[in-house]
Amino acid sequence: MRAAIYFTPPAGAALTRAAAEWLGRSAFDGEPTRPRDKRLDPLVEQPARYGFHATMKAPFRLAEDVDLVDLDARLAAFCASRDAFDIDRLVIARLGSFFAFVPETPPVALAELADAVVRTLEPLRAPISEEEISRRDPDKLSERQREQLAQWGYPYVFHDFRFHMTLTGSVEKPDRAKVEKRLAKHFGALDGAPLTIDRLAIFVEPEPGAPFRLHSMHPFDPRRDRTEVAGALVA
């Protein structure tokens with residue numbers, strides 16, 4: 001079993017519903033969200049397995065004597081100490097050969113959050129195995145990324161972190177314009193809409209290769225912003 005710390009909007013959010021329909025599967029209940037589509041299904045097979053999300057701490061095995069109850073408690077306490085913030089515009093973009101939602105202008109708070117998640121939950125992660133390192137194709141990584149993979153279990157942390165919510169697998173060059181057009185039509189006004197970062201979730205892969213499912217959702221403390229605003233008004 002592996003666990004991962006992801007951001008995903010609530011199940012009822014318009015973006016979550018649209019993404020689940022696009023991917024053909026909801027990570028909230030694991031159920032299909034649309035009829036089979038012979039053209040779209042191969043394109044979304046990989047992101048559909050993981051569910052619609054942005055990675056904050058990549059999938060990891062739990063350390064010895066640590067279970068999901070411990071992980072839930074640690075993440076709940078972490079989230080209760082955090083303030084919500086907004087991405088002004090979340091846009092569809094191509095990252096290399098795949099498409100994803102990304103912030104048009106990433107707020108500083110986003111990288112700060114990702115860094116804090118990685119560091120705070122690190123004691124609950126089992127050491128990465130040689131097999132897991134090999135699956136990351138270390139020869140294709142930079143020296144810094146190889147060091148991060150060995151130390152933190154994932155190469156794309158800290159300076160290499162980039163918030164993205166994957167929508168496709170690799171798309172061949174001749175097909176990219178058609179896929180981009182289909183994405184724009186499917187998501188409509190959600191492309192370029194704001195997004196509030198106000199929660200984190202634990203997703204679980206029960207066994208290797210199994211679809212990831214939502215295990216629990218932990219909201220940031222909504223009272224923090226209201227208290228700070230009230231203090232500012234009094235001052």
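Note: hydrogens, waters and symmetry copies are ignored here, and every other heavy atom, side chains too, is used. We're numbering straight along the sequence, starting at 1.
- Listed by chain and residue number, nothing satisfies the side chain to side chain donor-acceptor pair (under 3.5 Å) test with R119 (two or more places apart in sequence, or in another chain).
- Shown here are the side chain to side chain donor-acceptor pair (under 3.5 Å) partners of R49, two or more places apart in sequence or in another chain: E205.
- Residues that satisfy the salt bridge (charged side-chain N to carboxylate O under 4.0 Å, His left out) test with E31, not counting sequence neighbours, are absent from this structure.
- Looking at heavy atoms from C-beta onward, P194 lies out of side-chain contact with I87 at the 4.5 angstrom threshold.
- Residues forming a side chain to side chain donor-acceptor pair (under 3.5 Å) with E207 (at least two apart in sequence, or on another chain): none.
- Using a 4.5 Å heavy-atom cutoff, the side chains of L141 and Q148 are not in contact.
- Checking side-chain atoms of R213 against main-chain N and O of G51 turns up no donor-acceptor pair under 3.5 Å.
- With sequence neighbours excluded, no residue satisfies salt bridge (charged side-chain N to carboxylate O under 4.0 Å, His left out) with R39.
- Residues L90 and F187 have side chains not in contact (no heavy-atom distance under 4.5 Å, counting atoms from C-beta outward).
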Just list the side-chain donor-acceptor pairs under 3.5 Å for residues 100-107, sequence neighbours left out, or say none.
residue, atom, partner, partner atom, Å
E104, OE1, R89, NE, 2.9
E104, OE2, R89, NE, 3.3

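- With sequence neighbours left out, the side chain to side chain donor-acceptor pair (under 3.5 Å) criterion links S170 to S97.
- Here I128 contributes atom CD1 and R136 contributes atom CZ; the two are 7.0 Å apart, rounded to the nearest 0.5 Å.
- Atoms CG and NE2, from L40 and H186 in turn, are 8.5 Å apart once rounded to the nearest 0.5 Å.
- In this structure the side chain of L167 never reaches within 4.5 angstrom of the side chain of V44, judged on heavy atoms.
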Under 3.5 Å, side-chain donor or acceptor atoms of residues 55-65 against the rest of the protein: list the pairs with distances, not counting sequence neighbours.
residue, atom, partner, partner atom, Å
T55, OG1, H53, NE2, 3.2
K57, NZ, V118, O, 3.3
K57, NZ, E122, OE1, 2.8
R61, NE, E132, OE2, 3.1
R61, NH2, P127, O, 2.7
R61, NH2, E132, OE1, 3.3

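- Partners of F28 under the ring pair (Phe, Tyr, Trp, His ring centres under 6.0 Å) rule, at least two apart in sequence or in another chain, do not exist in this structure.
- Atoms CD1 and CG, on I92 and D191 in that order, are 4.0 Å from each other to the nearest 0.5 Å.
- Legend: residues meeting salt bridge (charged side-chain N to carboxylate O under 4.0 Å, His left out) with R144, ordered by chain and number and at least two apart, are D160.
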For residues 176-185, dump all side-chain donor-acceptor pairs below 3.5 Å to protein atoms at least two apart in sequence or in another chain.
residue, atom, partner, partner atom, Å
R176, NE, V171, O, 2.9
R176, NH2, V171, O, 3.3
R182, NH2, D37, OD2, 2.6

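- Side chain of T33 to main chain of A20: a donor-acceptor pair is present (N/O by atom type, distance under 3.5 Å, no hydrogens or angles).
- When each of L113, D221, D198, V117 is tested with R82 by the rule side chain to side chain contact (heavy atoms under 4.5 Å, CB included), just one qualifies, namely L113.
- Taken to the nearest 0.5 Å, the CD1 atom of I5 stands 9.5 Å off from the NE2 atom of H215.
- For the pair L195/D86, no side-chain contact is recorded, criterion being any heavy-atom separation below 4.5 Å from C-beta on.
- Applying the salt bridge (charged side-chain N to carboxylate O under 4.0 Å, His left out) rule to D41 yields the partners R34, R36; only residues at least two apart in sequence or on another chain are considered.
- With F203 as the fixed residue, the ring pair (Phe, Tyr, Trp, His ring centres under 6.0 Å) test singles out one of Y6, F52, F212: Y6.
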